Asker: 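Questions regarding the structure given below will be posed in turn.
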Amino acid sequence: MEKKLPEPIMRKDETTNPGRFIAERAMDHVYNLTSLGPRPVGSFENEVLAVNVLTKEIYSVIKKTKKVHRISFDIQKTSGAFPLMFLDGLTNVYRNVQNVIVKIGPLIPSPYSVLVNCHFDTVADSPGGSDDSASCAIMLEIFRVISQMEKPLTNNIIFLFNGAEESLLQASHGFITQHKWAKEIKAFINLEACGAGGREILFQAGPENPWLMQAYSESVPYPLATSLAQEIFQSGVIPGDTDYRIFRDFGNIPGLDFAWLTNGYVYHTKMDDAAHVPLGTLQRTGDNMLSLALNLVSAPYPNHHPLTGNLVFFDVLGAFIVRSSEAVASVLSISILCFSLYTVFLNSNKISLDGLPFKVYIWQMFICTCVVLLSWISSLFLTAATALLLSVLNRAMSWYSRPIWLLFLYIIPSLFLQFAIISGVSKKQNRVRNSLFTQL
Ligand SMILES: [Zn+2]
């Protein structure tokens with residue numbers, strides 16, 4: 001399941017797959033962008049060449065667009081400043097960063113839009129194949145597919161190719177606080193990468209607005225999502241951030257944040273080139289984002305979401321999404337806890353029928369619980385010690401390109417230690433138990 005990617009659709013199969021996302025077309029865009037080399041903010045490659053590549057591609061789509069669509073195009077140059085609570089916090093000041101923006105919607109104008117965002121700039125030493133050229137490529141291809149649809153959209157989709165993300169989220173801030181289309185946005189999709197290939201994971205949704213999760217679980221053909229990732233990411237332990245934060249905090253817009261994670265060792269390095277982006281990955285993310293964008297854009301804005309509150313969500317083996325409100329999840333957890341305590345009570349009743357005093361039973365239960373906790377804590381220390389040893393040997397991330405090593409370095413030793421502690425103690429406990437019963 002983890003490795004399975006859809007069969008990519010090639011140009012030659014286009015006629016037999018009308019209205020579909022063509023992975024090979026998207027891959028061409030990845031090559032066009034990465035062939036410019038690294039595109040740090042302010043460089044000629046980023047501000048001139050990359051903007052030209054995107055503009056040229058967008059215009060070639062506009063030329064062939066079906067007559068039922070209205071398309072507007074804009075290049076925004078924007079300056080501003082904002083406080084950013086990233087690492088220890090900073091004031092982020094920017095001048096003349098660029099956004100390439102195209103909006104597609106019905107001929108009778110709708111006042112509501114859905115935003116799809118990526119960034120075309122890179123860190124200084126990387127061609128940025130997966131981060132974030134591939135997302136730009138996917139958006140260009142989705143734009144082309146929608147422009148060829150015979151039916152007009154209900155509302156608008158705004159594709160934002162922002163030109164300053166790696167300089168800490170500047171261009172998205174310029175767009176959402178200053179662009180004339182920003183006020184009409186009701187929801188957004190953000191496409192990011194901190195790895196090349198694999199499956200894109202939905203790792204942030206909201207804030208609140210559970211209808212977004214509903215749209216996701218109803219529309220995407222290949223779901224992969226977990227609110228556990230959201231908890232971890234929003235706790236701040238991962239030193240990274242995405243434009244999601246900017247749209248949420250400065251635009252007050254709810255949205256969905258996606259990223260690729262597989263082969264994370266290429267992230268922000270010169271290895272992050274087009275060759276490391278698999279066609280199947282483009283097909284998968286393309287199919288998902290096309291369906292999701294079409295679902296979101298057809299919602300009856302502005303007030304169509306009676307659902308409120310936060311959601312607990314996860315996918316089951318990539319087949320479907322389970323989602324529930326936080327309240328339902330809490331009730332479920334508490335009932336499982338109550339049920340467990342009830343079984344303890346039932347067992348104690350049964351044991352006292354055998355003649356063992358209730359007090360002794362509870363004491364033994366307590367010891368067992370402590371032993372399990374002890375085994376967990378010891379394996380935590382073992383894991384930390386292994387990590388420390390690898391750091392001292394200057395091999396801290398040596399497993400990153402071969403994640404199977406995690407099994408041998410951490411998982412098996414941890415499980416073995418837990419097993420050793422529990423089986424050691426249970427031998428002793430068995431002797432205690434036997435002597436108790438002989439006394440009785
Ligand atoms: Zn990025």
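All ligand and atom numbering here is 1-based and tracks the order in the structure. Since we're looking at a predicted model, the values are computed, not measured. For the single chain, residues carry numbers from 1 onward in sequence order.
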Asker: Under 3.5 Å, is there a donor on one side chain and an acceptor on the other for Gln178 and His173?
Answerer: no

Asker: Below 2.8 Å, can you find an N, O or S atom of Glu166 next to the Zn ion (ligand 1)?
Answerer: no

Asker: Can any side-chain N or O of Asp132 pair as donor or acceptor with the backbone N or O of His119 at less than 3.5 Å?
Answerer: yes

Asker: Report yes if the distance between the aromatic ring centroids of Phe247 and Phe188 is under 6.0 Å, otherwise no.
Answerer: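 That pair passes the under 6.0 Å test.
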
Asker: The Zn ion (ligand 1) is nearest to which N, O or S atom of Glu192?
Answerer: OE1

Asker: Is any N, O or S atom of Glu165 under 2.8 Å away from the Zn ion (ligand 1)?
Answerer: no

Asker: With a 3.5 Å cut-off and no angle check, do the side chains of Thr34 and Asp273 form a donor-acceptor pair?
Answerer: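 Distance-only check fails for Thr34 and Asp273.
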
Asker: Closest to the Zn ion (ligand 1), which N/O/S atom of Asp131 is it?
Answerer: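 Going through the N, O and S atoms of Asp131 one by one, OD1 ends up nearest to the Zn ion (ligand 1).
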
Asker: Is the Zn ion (ligand 1) less than 2.8 Å from at least one N/O/S atom of His119?
Answerer: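 A backbone or side-chain N, O or S atom of His119 is under 2.8 Å from the Zn ion (ligand 1).
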
Asker: Phe258 and Tyr216: aromatic ring centres closer than 6.0 Å?
Answerer: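 Centroid distance Phe258-Tyr216: below 6.0 Å, so yes.
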
